[in-house]
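What follows is one structure encoded as structure tokens, with my remarks underneath.
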Amino acid sequence: MNEPLKLLKAINDIDDELIMEANVEVFPTQKKPFWNIGLARLVPFMAVIVLAVFIAVGNLDRNPITTGGNPVVTVNSLSDAEKTAGFPISVPQKYGDDEIFTITVVNESVICVHYGSEEDVDMVIYKGTGSEDISGDYTVYPDVQDIEYDFRSIQLKGNAGKIYLAIWNDRQYSFAVRIPDGAELEEVKAVIRETH
Amino acid sequence: MDDFDIVEMYWDRNEDAIYHTDKKYNRYCSGIAYNILFNAEDTKECVNDTWLKAWETIPPQRPENLAAYLGKITRNLAINLHEKLTALKRGGRQTDVILDELSEVIGEESDVDRYIDEKILTELITRFLKQQNETARKVFVRRYWYMSSTKEIARYYGLTESNVKVMLLRTREKLREYLIKEGYDL
């Protein structure tokens, strides 16, 4: 066997933690089911729950109205979005001539990357945890097509030969690409290819 | 389905284990195989062989991290298949470029296997990587374990492609020095 190949094979069995650390898609770590955590841990856990409920009930009269923070946070960069949402994202730098003009994170769980300008949004890419449709586009499009592309099953929605929405799931993440003015299949594929 | 439950199904010799493994890890393993083989049919074959290998090895194995376990099988099978497919003709695939890069660390003429076996080499690489800073480590593993292109790595980690290349060059040099220091005859 040639030696570089031997080295390449030796790298195969490095520690699992090194492999998972470099997994850009942040593969889900193995977790035991909740009911498998053991009695020793379960008792204090339940005690904390009971205490929290007790405090919450006690505070009901004093704080009759609670307000949450703004669920939509605008961030300065993709890395800030990743920190806020807690997962990585890769998107194209440009869409045609359009650049990213704003990045938002909704409920700390969905990253939205907007291309074009405030007045004329040409494309929005969404990535979130879970498997639900996160596009927010509930239009009933006449053309719905499922394709296999880049090892992903993509659902394309459109009208009159143009695609307005592409949605797919990849592992524990849900993705959507919304193009308000529509696009050709190859343009959409180029976006999908660079979106992870 | 939880990995814990999938592994239990293998231990129970329940063939549904393969269905659930495929459902959960097909894309992950396909991605690894494709980066090595660059061919959809070979990738499919390699991933199917991975499920077979998992069926043959669990039990007695009980992997704590099923993703890494399957990934290692896929990667190993893909490298072997690549080796077989390119035995007659070497092309410009990513794997060939990576092999050329790694020849800087260990030369073609080394008789390293007389002194140290592959497991010890793996242990040395693991120890070396744990001593590196996080970015250098991730970039190295992304390149030489996941076999990603330097362009992809640059995009993943918000670096320029030339940053990635320089970082890889330095890490390879450091690895070479480390192996020599540890008594590894190159």
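Order of the sequence lines fixes the chain letters, A, B, ..., with proteins taken first and strands second; residue numbering starts at 1 for each chain.
Residue Q93(A) does not touch chain B at all, counting heavy-atom pairs closer than 4.5 Å. Proximity to chain A is absent for every atom of Y69(B), based on heavy atoms less than 4.5 angstrom apart.
Of the listed residues (I79(B), V139(B), T43(B), I153(B)), the greatest number of heavy-atom pairs within a distance under 4.5 Å of chain A belongs to I79(B).
Looking at W11(B), its side chain does come within 3.5 Å of a backbone N or O of Q61(B) through a donor-acceptor pair.
Ring to ring, F101(A) and Y115(A) are not that close: their centroids are 6.0 angstrom or more apart. Between Y126(A) and F175(A), the distance from one ring center to the other does not fall under 6.0 angstrom.
One finds no salt bridge joining K162(A) and D181(A) here, because no Lys/Arg side-chain nitrogen approaches an Asp/Glu carboxylate oxygen to under 4.0 Å.
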